Amino acid sequence: MSNGSCSKGNSVLAALSGICRSTGTARLAAATVTGLVAAGVLSGAGTAVAEEAPQTQGGATATINGLKTYGQAVFHESGGEQRVAAGLFEMSVDGGGALQTYCVDLHNPTQGDARYQETPWSGTSLGTNKDAGRIRWILQNSYPQVNDLAALARRAGASGLTEQDAAAGTQVAIWRYSDGAKVDAVDPQAEKLADYLEKSARNVAEPQASLSLDPPAVSGRPGDLLGPVTVHTNAGAVTVTPPADAATSGLRIIDKTGKVITTAKNGTRLYFDVPEDAADGTAELTVQASTTVPVGRAFASESRSQTQILAGSSESTVSATATAGWSAEGAIPAISARKNCAGGGVDIIAANKGDKPFTFTLMGGEHTIPAGTTRTVTVPVQEDQAYDFTITGPAGFSRRFTGVLDCKTQGAITTETAQLRSDPSPATVGGDTVDTTDLAATGGSAITPLIAGLAIGLVVIGGAVLILLRRKETRTGD
């Protein structure tokens, strides 16, 4: 079983171009297939190299290690049935820590070694799912949060549960709410657990981020306090790291009393204290902590690796950043972004603390932020489409936002194309023949549409060669 970076079904493509040699190459191919949303931007004087800003609101960043504790399930669809692996994934957290997750995106594959970022539900398919709270209830009331398997089995009316059964039954129950899937666990005891969890689930509120800063961008005049930026965290304490050049520039991170802040807690308000004689510029602060990530937090990947939801967390490193910009005169923009699945795009939050309007052009439309106001502009982005746009402003201000909008569980990867990714191994379950293509665990990669396109191209080329050969034979016979 593979985690999807280059399964046997991709061998033809690998032989042709070596495109499966690395996850990075696969991502490039995916971007080529989906295309980019490019947006020109105009505003103010001067430009600088754009700072790339992924749409993250802080928290844990992790790399997926694969499906570790799992059983089997059967996914029913109009075209037949598919055998899928169902269970717990594991992730390694940047800076230290480990996570356990379930999938909430059955039809999309996992990418090998894909990187994930803790994400609000609004930036995933959970944001538009009325049953998202039921999924969190399942996570709180099943394995691994409930690790007494005998007690869990009694509640479910099962005669016994292994860890594999418990993981499979939990994943099946989640899929019924996350994807609206018709799916059953193969093991009878796991199926009893899935039914119990599905019927018992109640709506529970979305958990708060493990660590975030609000707002993530502020602006103002030199000599003023820029902020506040409020810390939100479940950690007991967080470390505050000022900008790298703070010692030489005179910039300080303080509280409202003027005290320099090096540690903070939930609710702490931070301010950028910019010297009055400072030249126009920008700065960034970072906060970091070690904590357990709340159960039910979503994890999304820019590579379109299937969305995950947190089932368990060790003590893990989490972080968040905030930026500040200042100018002695004119418009002073503060720009941040977040994915908005309900709105079908990316929200650009633009604040202007200056004394003149701030105007920028985005996706062919001109937007003006009057002095002293904040407005949100939603940039429409198609599902599964990569986007890349930059907003510039006075004094070299430049903010670049990149990513992929992945808001639906039914993505470009389908059951039919999934069969290109691995060698099917038919098995019999309940008298029916099922395809053991592993949709949830192996998944192949986001280059599957490219594989299909190349395969079609090869068929066309092959057909043309045959026609030419036949014509040649006919002429020879004459």
Side-chain angles (χ1 to χ4, degrees), residues 44 48 51 53 56-59 95 208-291 317-338 349-358 369-376 393-399:
E51 176 189 352
T56 63
Q57 279 77 51
Q208 295 298 311
S210 59
L211 178 59
S212 65
L213 294 173
D214 183 36
V218 295
S219 62
R221 300 287 186 209
D224 294 341
L225 296 184
L226 279 54
V229 174
T230 303
V231 177
H232 298 287
T233 184
N234 66 340
V238 302
T239 301
V240 179
T241 303
D245 64 345
T248 56
S249 67
L251 187 150
R252 304 183 304 161
I253 304 301
I254 64 174
D255 64 13
K256 63 180 180 181
T257 69
K259 178 183 176 181
V260 173
I261 298 295
T262 56
T263 61
K265 60 182 181 180
N266 185 50
T268 298
R269 295 186 171 190
L270 306 174
Y271 295 83
F272 291 81
D273 181 21
V274 182
E276 190 171 0
D277 59 354
D280 296 354
T282 63
E284 180 180 271
L285 71 84
T286 301
V287 295
Q288 188 175 84
S290 181
T291 186
T317 300
V318 295
S319 63
T321 60
T323 61
W326 58 89
S327 179
E329 59 183 13
I332 315 176
I335 309 292
S336 60
R338 64 190 175 209
I349 301 94
N352 179 12
K353 291 298 182 70
D355 54 18
K356 293 182 179 179
F358 170 57
I369 314 302
T373 65
T374 300
R375 290 184 178 175
T376 298
F397 174 88
S398 182
R399 292 282 282 170

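Just so you know, these numbers come straight off a predicted model, no measurement behind them. Position 1 is the first residue of the sequence; numbering continues from there.
Side-chain contact between P333 and R399: absent, with no pair of heavy atoms (C-beta onward) separated by less than 4.5 Å. No side-chain heavy atom of L270 sits less than 4.5 Å from a side-chain heavy atom of T230. Between P216 and S336 the shortest side-chain heavy-atom distance falls below 4.5 Å.
Judged by distance alone, the side chain of T262 and the main-chain N or O of V240 form no donor-acceptor pair under 3.5 Å. Side-chain atoms of T317 come within 3.5 Å of backbone N or O of G95 as a donor-acceptor pair. With hydrogens and angles disregarded, no donor-acceptor distance shorter than 3.5 Å links the side chain of S212 to the backbone of A209. Under a 3.5 Å cut-off, the side chain of D255 and the backbone N or O of K259 do form a donor-acceptor pair.
Here the straight-line distance linking atom CD1 of I253 with atom OG1 of T286 works out to 9.5 Å at 0.5 Å rounding. Remark: D273 CG to D224 CG distance equals 9.5 Å, nearest 0.5 Å. Atom CD1 in I332 sits 7.5 Å away from atom CG in N352 (nearest 0.5 Å). The distance from atom CD1 of I349 to atom CD1 of I369, rounded to the nearest 0.5 Å, is 11.0 Å. If you take CD on E284 and OG1 on T321, they are separated by 4.5 Å, rounding to the nearest 0.5 Å. From R269, atom CZ reaches atom CD1 of I254 across 14.0 Å, with rounding to the nearest 0.5 Å.
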Is there a side chain to side chain contact (heavy atoms under 4.5 Å, CB included) between V318 and V238? Walk through the geometry before answering. CA-CA 9 Å; V318 295; V238 302; over 6 Å; no

Can you check side chain to side chain contact (heavy atoms under 4.5 Å, CB included) on L226 and V274, steps first, answer last? CA-CA 8 Å; L226 279 54; V274 182; 4.0 Å; yes

From CA spacing to verdict: side chain to side chain contact (heavy atoms under 4.5 Å, CB included), L213, V231: CA-CA 5 Å; L213 294 173; V231 177; 3.8 Å; yes

Salt bridge (Lys or Arg N to Asp or Glu O under 4.0 Å) between D355 and R221: does it pass, once the steps are laid out? CA-CA 10 Å; D355 54 18; R221 300 287 186 209; 3.0 Å; yes

Check step by step if side chain to side chain contact (heavy atoms under 4.5 Å, CB included) holds for V229 and Y271. CA-CA 6 Å; V229 174; Y271 295 83; over 6 Å; no

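Shortest non-hydrogen contact noted between P228 and V218 is O-CG1, 4.4 Å. Between S290 and A235, the shortest heavy-atom contact is O-CB, 4.3 Å. Heavy-atom minimum distance, H232 versus N266: CA-OD1, 3.3 Å. Here the shortest heavy-atom pairing between F272 and A322 reads CZ-O, 3.7 Å. Between W326 and A278, the shortest heavy-atom contact is NE1-CB, 3.9 Å. Residue P243 comes nearest to A283 through the heavy atom pair CG-CB, 3.7 Å, listed as atom of the first residue, atom of the second, then distance.
Partners of S219 under the side-chain hydrogen bond (donor to acceptor under 3.5 Å, both in side chains) rule, at least two apart in sequence or in another chain, do not exist in this structure.
Counted within 6.0 Å of CD on Q288, heavy atoms from surrounding residues, nucleotides or ligands total more than 12; the atom is thus considered enclosed.
Between N234 and T291, the side chains place a donor N or O and an acceptor N or O closer than 3.5 Å (distance only, hydrogens not considered).
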